[in-house]
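Can you keep this structure in mind? I'll have questions shortly.
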There are 2 protein chains.
Amino acid sequence: MAPKESSTFVTEVDTSYLESLMGYNARRAALAIIESFLRHMAVYELRPVDFSVLSLITHNPGITSRQLCSALSILPPNLVGMINALEKRELIARRPHPHDRRATGLHLTEAGQKLMRDAEHTASELEAQATGRLSATERKTLMRLLQKIYIKAK
Amino acid sequence: MAPKESSTFVTEVDTSYLESLMGYNARRAALAIIESFLRHMAVYELRPVDFSVLSLITHNPGITSRQLCSALSILPPNLVGMINALEKRELIARRPHPHDRRATGLHLTEAGQKLMRDAEHTASELEAQATGRLSATERKTLMRLLQKIYIKAK
DNA sequence: TATTGTTATACTCTATAACTATA
DNA sequence: TATAGTTATAGAGTATAACAATA
């Protein structure tokens, strides 16, 4: 005989179904790493998106706002404020684009370069910590499989 | 001699550094799957969080709001509106908790059960599609490694 | 004294429409 | 006609403080 449903209650929550879904696992893992990132990068006053923007400028001097938006899936109106804030902190500088007077090339200042050297070093430590329970091989495998999920036709 | 920096511009954006970071990869993969989820679950008018809530109620009849919040890392004030909306749609029903008059047990209605049978079926198809470029072994490996990232001490 | 569920509220993140200068 | 950058603004998501009822 089935138990009277209205009197049932839950002692331990069964999450096994959700844990069988890739989206659930990917989101939980991403949130765990991002939470750690937020804590460790707070000293530099950089959110994940600021770090991503500065990192792309570091490795792509002269990149335009439009290129940043495409690479990071940010909408142009939402990037404006970030770029302004980073410029006001004198971490980046705008220079005219050599071939297109509509566009602006973005570059790191000396201060920006110094900050990013420290920040990328911290990111590496953070990376090691977040994936600390994985072997080097597992880490490489996880990276490859994640990219197979989100990079189309590779 | 180094090129005059002000005249440099970027033709193809180099994202290799960001792609070496686990947080970046996990976030991009999660967003890709969630985007697909949003499209496929639109017919049921369920966002990922609604699906998660209904799924936990499905597999844990009588679960309380507080337990949902803990399991899904949702703050109590932000769950209230979702529960009210699902109750208004007559997908769930509140029943008194048998042992604690402060709490309320949550249960699926008949309509809710039918919707979730369909929705979980769609979720399975979606799952197969999102991980379509992975072998069965790779899929299992990816799941296990993601859980190693976000489930502490397992 | 602590916990469940709730209201009010603020802050951040993401999205859309429309404008200007230039291509 | 299309694109780069910008403004204004709306909506969604996430956060804290504080309260009533009950443990």
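Note that these values count all heavy atoms, side chains included, but never hydrogens, waters or copies made by symmetry. Numbered from 1 within each chain, the chains take letters A, B, ... in sequence-line order.
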Legend entry - Whether over 12 other heavy atoms sit under 6.0 Å from B:Glu12 CD: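 Not more than 12 within 6.0 Å, no.
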
Inset, instruction - Evaluate whether atom CD of A:Glu35 has more than 12 neighbouring non-hydrogen atoms of other residues, nucleotides or ligands under 6.0 angstrom away. - result: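 Yes, enclosed.
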
Legend entry - Rounded interatomic separation in angstrom, taking CD1 from A:Ile74 and P from C:dT16: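 Roughly 16 Å, once rounded to whole Å.
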
Inset, instruction - Would you grab the first and last nucleotide of DNA chain D (5' to 3') that comes under 4.0 Å of any non-hydrogen atom in chain B? - result: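 Terminal contacting nucleotides, 5' to 3': D:dG13 to D:dA23.
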
Inset, instruction - Scan side-chain atoms only and decide if B:Thr58 and B:Gln113 contain a donor-acceptor pair under the 3.5 Å cut-off. - result: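 No, no side-chain donor-acceptor contact under 3.5 Å.
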
Inset, instruction - Indicate whether the side chain of B:Tyr24 and that of A:Ser52 have a donor and an acceptor atom separated by less than 3.5 Å. - result: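 Note: B:Tyr24 and A:Ser52 side chains miss the donor-acceptor criterion.
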
I'd like a table of atom pairs between the protein and nucleotides 3-8 of chain C - only N or O on both sides, under 3.5 Å - with the distance next to each one.
| from | atom 1 | to | atom 2 | distance (Å) |
| --- | --- | --- | --- | --- |
| C:dT3 | O4' | B:Arg102 | NH1 | 3.3 |
| C:dT3 | O2 | B:Arg102 | NH1 | 2.8 |
| C:dT4 | OP2 | B:Arg66 | NE | 2.9 |
| C:dG5 | OP1 | B:Thr104 | N | 3.2 |
| C:dG5 | OP2 | B:Arg66 | N | 2.6 |
| C:dT6 | OP1 | B:Arg94 | NH1 | 2.8 |

Inset, instruction - Look at the aromatic rings of A:His99 and B:Phe9 and report parallel, tilted or perpendicular, splitting at 30° and 60°. - result: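 Plane angle over 60°, so perpendicular.
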
Legend entry - CD/A:Glu110: more than 12 non-hydrogen atoms of other groups inside 6.0 Å: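 Check fails, neighbour count at 12 or below.
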
Legend entry - B:Asn84 and B:Arg94 side chains, donor-acceptor separation under 3.5 Å: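 Note: B:Arg94 and B:Asn84 side chains meet the donor-acceptor criterion.
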
Inset, instruction - Show your reasoning for whether side-chain hydrogen bond (donor to acceptor under 3.5 Å, both in side chains) applies to B:Arg144 and A:Asn25. - result: CA-CA 9 Å; B:Arg144 181 176 61 81; A:Asn25 286 289; over 6 Å; no

